Amino acid sequence: RFRAQERPEAIWISQPDSASGNWRSISFAEARRSVDNLAQALIDLAPPAGASIVMLSANSIEHALVTYAAFQTSIPVVPLTPAFALQPGAGGQLQDRLSRVNPGLVFVQDAQEYAHVLALFGQEVRVIAVANARRHAGDLAYDDLASTQPTPAVEAAFAAIDPNAPARLMFTSGSSGSPKAVIQTQ
């Protein structure tokens, strides 16, 4: 938020565009608008209290924007490594992790790529997908959410952030037995 006011046109984040071979970038001002739009969409979706958003995606601009929108609305983010999530036979381990984080939403870059993993989530868990979003009723297209117009509820959510509240739950490697969810606060 501060950088969007201080240096609105400076690049916030970039990623290579595999189709063109060029870099895709967004400025701090574009990021602020997108995060506010996505924050409003998350507020409108009203996930249950204590629910998290599971991130099943490699790093991308959309992944970063959804993460910041979740932070802004006090929804804990649970990133799961794509290499692990897409690993054959990882279903049991994934279900074990998911049982500990109360997923209310799932973000994926491509719903088709993660179809077998998404099958582990119940129908009550909404899927936000950048690509192939309309595979199931209730799936949400990222572009639709990113075009949501913010209301004063976004500023209210930002003002209400508790610095001691969970922001991200990171799983340990499990070297001591079962992976543990480590809480990072706001």
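Because the structure is predicted, anything quoted here is derived from the model rather than measured.
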| Step by step, would you call M55 with L80 a side-chain contact (heavy atoms from CB on, under 4.5 Å)? | CA-CA 6 Å; M55 307 298 281; L80 295 178; over 6 Å; no
Contacts of [X] that satisfy salt bridge (Lys or Arg N to Asp or Glu O under 4.0 Å) - sequence neighbours left out:
X    : value
D96  : R100
E124 : none
R24  : E62

| field | A39 versus Q72, closest heavy-atom pair with distance | value |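 It is CB-NE2, 3.6 Å.
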Would you say [X]'s side chain and [Y]'s backbone share a donor-acceptor pair under 3.5 angstrom?
X    : Y    : value
Q186 : F71  : yes
Q184 : R168 : no
N102 : G50  : yes

| request: Might you confirm whether atom CD1 of I11 has over 12 heavy atoms from other residues, nucleotides or ligands at distances under 6.0 Å? | output: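 Atom CD1 in I11 is not packed in, count stays at 12 or less.
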| message | Tell me whether Y142 at atom OH has more than 12 heavy atoms from other residues, nucleotides or ligands lying less than 6.0 Å away. | response |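 More than 12 heavy atoms, drawn from other residues, nucleotides or ligands, come within 6.0 Å of this atom.
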| said: Could you check whether R97 makes a cation-pi contact with F171, meaning its NZ or CZ is under 6.0 Å from the centre of the six-membered ring and within 45° of the ring axis? | reply: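 Yes, R97 sits over the ring of F171.
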| Sub-4.5 Å side-chain heavy-atom contact between V106 and Y114 |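 When only atoms from C-beta onward are counted, Y114 and V106 do not touch, as no gap falls below 4.5 Å.
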